[in-house]
Amino acid sequence: MENINEKLLKPYDAKETEDRIYKTWENSGFFNPDNLPDERKETYTIVIPPPNVTGSLHMGHALNATIQDILIRQKRMQGYKTLWIPGTDHAGIATQNVVEKKLKKEGLSRHDLGKEKFIEKVWEWKKEYGDIILGQLKKIGASCDWSRTKFTMDEEYAEAVKTAFLHYYEKGWIYQGDRVVNWCTRCQTSLSDLELEYEDEKGKLWYIKYPIKKLTAVSDRLSAAESRELKAESFIIVATTRPETMLGDSAVAVNPKDERYKELVGKTVILPIVGREIPIVADRMIELEFGTGAVKITPAHDMLDFEIGERNNLPVYKIINQYGKMTAEAGNGYEGLSVKDAREKVVTELEELGLIEKIEDYDHRVSKCYRCGRVIEPQISKQWFLKMDELAKKAKEAVQSGEVSFRPKRWEKVYFNWMDNIKDWCISRQIWWGHKIPLEGVDDVLDTWFSSALWPFATLGWPNEESSDLKEFFPTQTLSTARDIINLWVARMIFSSYEFMGQKPFSDIVIHPTILTKDGRRMSKSLGTGIDPIGLIEKYGADATRFGLIYQMMGGQDVHFNEDAILAGKKFANKLWNISRFVLQNTDGKIKDEKLSFPNGDLTEEDKEMLKKLEDTVISVNKDMGDYRFGHALHLIYDFVWHELADKYIEYSKQNKNERTDKILLYTLAKTLALLHPFMPFITEEIWDALPKEKNSSQENNNLLIIEKWPEA
RNA sequence: GGGCGCUUGGCUCAGUGGUAGAGCGUUCGCUUCACACGCGAAAGGUCACAGGUUCGAUCCCUGUAGCGCCCACCA
């Protein structure tokens, strides 16, 4: 160990210190629970939400990594056998897309390479970016057990995915069916509802007149007046935002309660342009208020229409293909046209036929692929589904009973809302990068979330029931994640865990705030509004960056990120460094190697006040951390260090310097370092190293702050 | 259509049923022997608006407005 004065005389150099301290921790082996001292029994486990291997970490990852590290470090100091499992996600469509983009720059498509070569390329990408991500987590100070790093396409992990699929399959919960799915014509795959993004667009609402078929056969026997009336043109008017889909219509639907159309239900309509005879049907799902109350039904290209089609046994005309082009079934020279061109042609023809009643401006929401942004083209296709009713039931009960709880609690509403309206999960994807569906003759891969759903136990060795990690560390305790994947991921982990493990995957779900720009906009690379956390670490240090992130995390659902907070963190680190210099320069040589015990004897009012404030802070910080209120806890520590310890007591001690104040300063500093360690691990460890303290054992490592006893209330 | 969150000094945000706080910024003064990444002092807010409960509300209740987010099969 360096001489105390020598070390602390130098100004604090975050960069040099952080790299060196991280190596010290890694060498100590304490990130791995198996190496922790004192034969710890009770475990505390966190599985990291695996970042996608699409690129580097963003601010949300940095915040989340910090939160998890705070939890793990505190629990480690509290004597738990702590395990934080790191890893990455193969992120099917997202990763396939970034690799395709990269190929495109070289003028290649994935089809040029072929499946096998392309997947090789994706693995190369994974290797590169997976390592970058793990390296970035280390920069942040994450104390993960790197020896247990997992990837969702590891060989053993693939075995878990296969086992899970076959389990469901044998139970009869996986079935194949024709369904209208959200189809991305660029990514060439189906997407779940959760994978859509919506955008308001200015569109039009076309009112189209569909001629009602005349009863020519019976008209002979009618009176002249009756005949005249029937021969007069009569129409039913439908409103639509997508006139081109009329080519695939197989009915017109109205609400059965709609008085306006009561007489027309059961009648036949001649579909313009196509000439097909289609029925007018009644269906309760039709809104009376929308448009004219009469709606055209295109079962092949609209989800609701598909359902109505099934209820009324309507035929399905597939008029748009997987690339967004019109099919032969669209007829009359439409084949091969884009949807947009087909729309123009349909409207022109209808106008010529005098069948457009009117056109209104209409703002509506279009769904887009969340990966590439292209407008979704609903398509009928064969897909694999997982039955959700029974799975959802258990998952819902787990949260209702409090066995699994959301923090803050209000987020359970988002969860329940989804569970209460659950639909079967479309688990097949028509892409190349992912887990292949383990059935003969099927080329589809599984939805990425199918594998992520197994994360808490597949990372611990499942399906190998004999895995010692699985026995020892499952179920885990805390899951920290972002609110936008509560249903996409969290809900699916919960039901998967009850299904395969027969118990909950974790107890607490911590939903952290979303990091927005200072003016409340979404951070995004494409908008140029993103901030790179690693850049901040280079500039201010990891401790300062962690401080700044947590300092702003005060319980709202968003954080308007302000870099000033990181600067404040850097200044705070500097303040702490100087406080330590003062304390140690004063006490060096006099209290060396003496135990840092609670100061006894005659205390002045100032001494008592100082120790009382310290105790109050310890109590409040413990309470806040138990409630996952890290921002608040950090504010308390900050205020204590700066305004009590430095502003008051250090100033007091300058006027009243003696052995007693020295002891109190040293005692207070030691407690403070321990309390602050989970938040700012590097600088606290560095200063701790310089403290005169009783050796715990002959082993150097056992004096690290990382395993020091946590200041309990 | 349902649900959620937010509205406090220039900016980003804490906070309490009883005369408003922090960080950053601003102004003034300090090279005081831990720290100029600092110290001392100062300016700056009718705590969105309107009612209600209360001896008393920024904090509790109701309503209104604005901002943001989530969910849902208005074609």
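What you see is a predicted model, and the numbers here were worked out from it, not measured in a lab. Just so we're on the same page: letters track the sequence lines, and every chain starts at 1. All values below come from the heavy atoms of this structure, side chains included, with hydrogens, waters and symmetry mates left out.
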Atom [atom1], compared across [N] and [M]: separation rounded to whole Å:
| N | M | atom1 | value |
| --- | --- | --- | --- |
| B:rC4 | B:rG21 | C1' | 28 Å |
| B:rU58 | B:rA14 | C1' | 13 Å |
| B:rC69 | B:rC47 | C1' | 24 Å |
| B:rU62 | B:rA20 | P | 27 Å |
| B:rC49 | B:rC55 | P | 25 Å |
| B:rA72 | B:rU54 | P | 44 Å |
| B:rA41 | B:rA50 | C1' | 40 Å |
| B:rU31 | B:rG68 | C1' | 48 Å |

Measure the acute angle between the ring planes of A:F630 and A:F679, then classify it against the limits of 30° and 60° as parallel, tilted or perpendicular. perpendicular
Tell me what [X] touches on the nucleic acid: a base, only sugar-phosphate, or nothing, going by heavy atoms under 4.0 Å.
| X | value |
| --- | --- |
| A:A253 | nothing |
| A:M303 | nothing |
| A:N417 | sugar-phosphate |
| A:K409 | nothing |
| A:I486 | nothing |
| A:R284 | nothing |
| A:E651 | base |

Tell me, please, which residues at least two apart from [X] pass side-chain contact (heavy atoms from CB on, under 4.5 Å).
| X | answer |
| --- | --- |
| A:E287 | A:E289, A:F290 |
| A:V274 | A:L247, A:L271, A:R276 |
| A:N312 | A:V281, A:D283, A:I308, A:L314 |
| A:A395 | A:Y415, A:M419, A:I494, A:F495 |

I'd like to check the ring pair (Phe, Tyr, Trp, His ring centres under 6.0 Å) partners of A:H58; sequence neighbours left out, ordered by chain and number. A:H61
Which nucleotide sits closest to the side chain of [X]: [options]?
| X | options | result |
| --- | --- | --- |
| A:L304 | B:rC73, B:rG38, B:rC13 | B:rC73 |
| A:E287 | B:rC35, B:rA75, B:rA14 | B:rA75 |
| A:R483 | B:rA14, B:rU12, B:rC69 | B:rC69 |
| A:D647 | B:rC39, B:rC37, B:rA34 | B:rC39 |
| A:Y362 | B:rC35, B:rC73, B:rA75 | B:rA75 |

Hey, what do you get for CD1 (A:I485) to CZ (A:R492), rounding to the nearest 0.5 Å? 11.0 Å
How would you list all residue pairs meeting salt bridge (charged side-chain N to carboxylate O under 4.0 Å, His left out) that involve residues 617-637 of chain A, not counting sequence neighbours? A:K623-A:D627, A:D624-A:R629
Any side-chain N or O of A:H560 under 4.0 Å from OP1/OP2 of B:rC13? yes
Side-chain N or O of A:K575 closer than 4.0 Å to phosphate OP1/OP2 of B:rC39: yes
Quick one: list whatever passes side-chain hydrogen bond (donor to acceptor under 3.5 Å, both in side chains) with A:D249, sequence neighbours left out.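 A:D249: side-chain hydrogen bond (donor to acceptor under 3.5 Å, both in side chains) contacts with A:Y210, A:K296, A:T298.
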Just by distance, do the side chain of A:S250 and the backbone of A:P315 share a donor-acceptor pair under 3.5 Å? yes
For nucleotides 20-27 of chain B, print each protein N/O atom paired with a nucleotide N/O atom at under 3.5 Å, atom names and distance only.
unit_1: B:rC24; atom_1: O2'; unit_2: A:D564; atom_2: OD2; d: 2.8

Closest-nucleotide ordering on RNA chain B, the 5'-leading residue of A:N578 and A:Q552: A:Q552
Are A:W577 and A:Y12 an aromatic pair, judged by ring center distance below 6.0 Å? yes
Could you tell me which residues satisfy salt bridge (Lys or Arg N to Asp or Glu O under 4.0 Å) with A:D558, sequence neighbours excluded, listed by chain and number? A:R483
If you write RNA chain B from 5' to 3' in dot-bracket form, with Watson-Crick or G-U pairs under 3.5 Å, [ ] for crossing pairs and | for pairs with another strand, what do you get? (((((((..((((....[..)))).(((((.......))))).....(((((..]....))))))))))))....
Does the B:rC4 base have a donor-acceptor partner in the side chain of A:K413 within less than 3.5 Å?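 Donor-acceptor pair under 3.5 Å: no.
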Of residues 290-298 of chain A, the positions that come close to RNA chain B - non-hydrogen atoms, cut-off under 4.0 Å: A:F290, A:V295
Which letters describe nucleotides 5-10 of chain B, given B = protein heavy atom under 4.0 Å from base, S = only from sugar-phosphate, - = neither? S-----
